[in-house]
*Asks:* 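Can you keep this structure in mind? I'll have questions shortly.
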Amino acid sequence: MKVAIIPARGGSKRIPRKNIKAFHGKPMIAYSIEAAIASGCFDKVIVSTDDAEIAAVAEAHGAYVPFLRPADISDDYATTMDVMAHAIHWCQDEGWDIDAVCCLYATAPFVLPKDLQQGYALLQDEGVQFAFSATSFPFPIQRAIKLDSDGSVSMFSPENEQVRSQDLEEAYHDAGQFYWGKTRAFLEKYSIFSPHSKAVLLPRNRVQDIDTQEDWELAESLFFARNINR
């Protein structure tokens with residue numbers, strides 16, 4: 001059995017109610033739910049929330065909300081792994097035989113069904129415990145700079161100052177959309193960013209963290225640009 005779990009707590013501070021805030025005409029969480037359902041990968045699409053309004057919106061868009069998340073894993077200090085373990089244990093207590101789970105974030109309006117399908121396909125490779133979305137950095141991280149305490153500039157890796165960009169190894173980062181994993185890997189809290197994981201590479205124009213109001217506005221602009229140019 002394969003299950004998608006969408007964490008969506010109600011206490012977002014920087015963007016109040018962001019999980020159900022309208023984003024180009026529908027609640028933000030609807031994009032994740034609809035992509036999960038359209039992918040055909042899952043026997044159940046579950047939303048883990050502590051908030052009755054989020055639960056109602058999630059159910060209206062086709063998700064299953066069989067419980068409200070306890071308060072002790074709904075505050076600012078609860079980790080994604082804590083939330084996933086709670087939901088997986090709930091499923092197991094119901095007698096579900098789950099072999100693969102996907103943590104799909106509620107603020108992922110750029111996620112596509114094919115991305116989730118590709119992630120599941122990668123999870124089938126021998127020895128793979130996680131498959132997650134990633135994208136490339138737009139600038140060589142080896143040429144990163146920092147501001148010292150007096151405001152002066154220095155490089156993290158001064159030896160790369162004169163190295164041509166094309167001669168530096170490309171670097172990637174977590175796209176913050178989804179994490180497919182084996183059930184045991186989630187329950188035992190294996191590290192995701194390790195050799196036992198593989199990445200679904202996404203173009204940078206489909207990746208945007210949404211943690212601040214500026215992030216939200218950038219995501220709206222990016223979403224609009226992608227759709228108008230189709």
Side-chain angles (χ1 to χ4, degrees), residues 1-23 26-109 111 113 115-117 119-120 123 129-133 174 176-192 210-211:
M1 186 174 185
K2 299 181 291 295
V3 176
I5 297 170
I6 302 175
R9 72 185 185 96
S12 176
K13 300 290 194 303
R14 288 175 289 184
I15 306 177
R17 314 300 289 164
K18 74 173 180 178
N19 291 319
I20 54 174
K21 181 179 170 69
F23 183 91
K26 59 186 172 184
M28 174 63 81
I29 196 172
Y31 292 92
S32 296
I33 295 170
E34 291 170 3
I37 293 171
S39 74
C41 292
F42 305 105
D43 298 288
K44 291 284 187 181
V45 176
I46 293 175
V47 168
S48 171
T49 185
D50 60 325
D51 187 280
E53 185 182 10
I54 292 176
V57 171
E59 289 179 332
H61 286 274
Y64 182 43
V65 189
F67 55 81
L68 286 181
R69 194 195 307 172
D72 62 340
I73 54 169
S74 298
D75 59 18
D76 292 339
Y77 302 101
T79 68
T80 296
M81 284 297 193
D82 291 335
V83 174
M84 292 299 293
H86 171 266
I88 292 169
H89 283 308
W90 184 93
C91 294
Q92 291 177 331
D93 289 344
E94 291 295 299
W96 299 0
D97 183 14
I98 303 172
D99 61 303
V101 184
C102 183
C103 172
L104 175 57
Y105 282 147
T107 52
V111 70
D115 303 328
L116 298 171
Q117 293 164 352
Y120 181 66
L123 195 67
Q129 299 295 329
F130 290 107
F132 64 96
S133 58
D174 176 16
Q177 293 186 3
F178 64 87
Y179 311 90
W180 269 104
K182 302 288 177 61
T183 304
R184 181 178 178 182
F186 274 116
L187 291 178
E188 297 189 7
K189 299 183 179 180
Y190 291 5
S191 172
I192 294 177
I210 306 178
D211 293 321

*Asks:* Which heavy atom of Ser32 sits nearest to which heavy atom of Val111, and what is that distance?
*Replies:*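 Looking at all heavy atoms of both residues, the shortest contact is CA-CG1, 4.4 Å.
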*Asks:* Taking all heavy atoms of Ala131 and all of Gly119, pick out the closest pair and write down the distance.
*Replies:*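 Closest pair (atom of Ala131, atom of Gly119, distance): CB-O, 3.3 Å.
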*Asks:* Could you tell me whether the side chain of Arg69 and the main chain of Ser48 form a donor-acceptor pair under 3.5 Å?
*Replies:*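 Answer holds: yes.
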*Asks:* Rounded to the nearest 0.5 Å, how far apart are CZ of Phe42 and CG of Leu104?
*Replies:*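 So the gap between those two atoms works out to 7.0 Å.
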*Asks:* Are there more than 12 heavy atoms of other residues, nucleotides or ligands under 6.0 Å from atom CG of Asp97?
*Replies:*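 No, the 6.0 Å shell around CG holds no more than 12 heavy atoms from other groups.
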*Asks:* Where do Ser12 and Ile15 come nearest, in terms of heavy atoms and distance?
*Replies:*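 Of all heavy-atom pairs spanning Ser12 and Ile15, the closest is OG-O, 2.9 Å.
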*Asks:* How far does NZ of Lys18 sit from CD1 of Ile210, to the nearest 0.5 angstrom?
*Replies:*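 If we round to the nearest 0.5 Å, Lys18:NZ and Ile210:CD1 are 7.5 Å apart.
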*Asks:* Quick one: list whatever passes side-chain hydrogen bond (donor to acceptor under 3.5 Å, both in side chains) with Tyr31, sequence neighbours left out.
*Replies:*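 Listed in chain order: nothing, the list is empty.
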*Asks:* Which word best sums up how the rings of Tyr120 and Trp180 line up, parallel for under 30°, tilted for 30 to 60°, or perpendicular for over 60°?
*Replies:*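 Ring orientation, 0 to 90° scale: tilted.
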*Asks:* Which residues pass the ring-ring contact (aromatic ring centres under 6.0 Å, His included) test with Trp96, not counting sequence neighbours?
*Replies:*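 Here the qualifying residues are Trp90.
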*Asks:* Is a donor on one side and an acceptor on the other found under 3.5 Å between the side chain of Ser74 and the backbone of Asp50?
*Replies:*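 Looks like no, no N/O pair under 3.5 Å.
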*Asks:* Taking all non-hydrogen atoms of both residues into account, name the closest pair between Ala36 and Ala4 and its distance.
*Replies:*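 Closest pair (atom of Ala36, atom of Ala4, distance): CB-CB, 4.5 Å.
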*Asks:* So do the side chains of Tyr190 and Lys182 get within less than 4.5 Å of each other, counting heavy atoms only?
*Replies:*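 Side-chain contact under 4.5 Å: no.
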*Asks:* Only one of Ile5, Ile192, Val83, Thr80 passes side-chain contact (heavy atoms from CB on, under 4.5 Å) with Cys103; say which it is.
*Replies:*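 Filter result, single survivor: Thr80.
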*Asks:* Under the criterion side chain to side chain contact (heavy atoms under 4.5 Å, CB included), I'd like the reasoning laid out for Thr107 against Phe23: C-alpha separation, chi angles, the key distance, then a yes or no.
*Replies:* CA-CA 10 Å; Thr107 52; Phe23 183 91; over 6 Å; no
*Asks:* What verdict does the side chain to side chain contact (heavy atoms under 4.5 Å, CB included) test give for Lys2 and Leu123, after you've listed the backbone C-alpha separation in whole Å, the side-chain angles of each residue and the deciding distance to 0.1 Å?
*Replies:* CA-CA 12 Å; Lys2 299 181 291 295; Leu123 195 67; over 6 Å; no
*Asks:* Which pairs would a plain distance check flag for residues 56-65, meaning a side-chain donor or acceptor within less than 3.5 Å of a matching protein atom at least two apart in sequence or in another chain?
*Replies:*
none

*Asks:* Backbone N or O of Val3 within a donor-acceptor pair of the Asp43 side chain at under 3.5 Å?
*Replies:*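 Answer holds: no.
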*Asks:* Rounded to the nearest 0.5 Å, how far does CE of Met81 lie from OG of Ser191?
*Replies:*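 It comes to 8.0 Å.
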*Asks:* Mark yes or no for whether Asn19, through its side chain, and Gly10, through its backbone, hold a donor-acceptor pair below 3.5 Å.
*Replies:*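 Judged by distance alone, no pair lies under 3.5 Å.
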*Asks:* Applying side-chain hydrogen bond (donor to acceptor under 3.5 Å, both in side chains), name anything that partners Lys21, two or more places apart in sequence or on another chain.
*Replies:*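 Testing Lys21 for side-chain hydrogen bond (donor to acceptor under 3.5 Å, both in side chains), a comparison that skips the adjacent residues, returns none.
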*Asks:* Answer yes or no: is there a donor N or O on one side and an acceptor on the other, between the side chain of Ser39 and the main chain of Gln117, under 3.5 Å?
*Replies:*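 Such a contact is absent between Ser39 side chain and Gln117 backbone.
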*Asks:* Excluding sequence neighbours, so at least two apart, what forms side-chain hydrogen bond (donor to acceptor under 3.5 Å, both in side chains) with Glu53?
*Replies:*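 With sequence neighbours excluded, Glu53 shows a side-chain hydrogen bond (donor to acceptor under 3.5 Å, both in side chains) to Arg17, given in chain and number order.
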*Asks:* Taking C-beta and beyond as the side chain, do Ile46 and Cys91 meet within less than 4.5 Å on heavy atoms?
*Replies:*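 Yes, side chains in contact.
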*Asks:* Please report the interatomic distance CD1(Ile54) to CD1(Ile20), rounded to the nearest 0.5 Å.
*Replies:*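 Rounded to the nearest 0.5 Å, the CD1-CD1 separation comes to 5.0 Å.
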*Asks:* Can you tell me how far the CE atom of Met28 sits from the CD1 atom of Ile33, to the nearest 0.5 Å?
*Replies:*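 One finds 12.5 Å between CE of Met28 and CD1 of Ile33.
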*Asks:* I'd like to know if the side chain of Asp82 reaches the main chain of Ala85, judged simply by a donor and an acceptor atom lying under 3.5 Å from each other, with no hydrogens or angles considered.
*Replies:*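 Such a contact is absent between Asp82 side chain and Ala85 backbone.
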*Asks:* Kindly write out the residues that satisfy side-chain contact (heavy atoms from CB on, under 4.5 Å) with Asp76, not counting sequence neighbours, or none if the list is empty.
*Replies:*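 Asp76: side-chain contact (heavy atoms from CB on, under 4.5 Å) contacts with Arg9, Lys13.
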*Asks:* Indicate the atoms forming the closest heavy-atom contact of Phe130 with Ala185, along with that distance.
*Replies:*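 What the structure gives for the nearest pair is CZ-CB, 3.6 Å.
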*Asks:* State the CE-OG1 distance between Met84 and Thr183, to the nearest 0.5 angstrom.
*Replies:*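 These two atoms lie 9.0 Å from each other.
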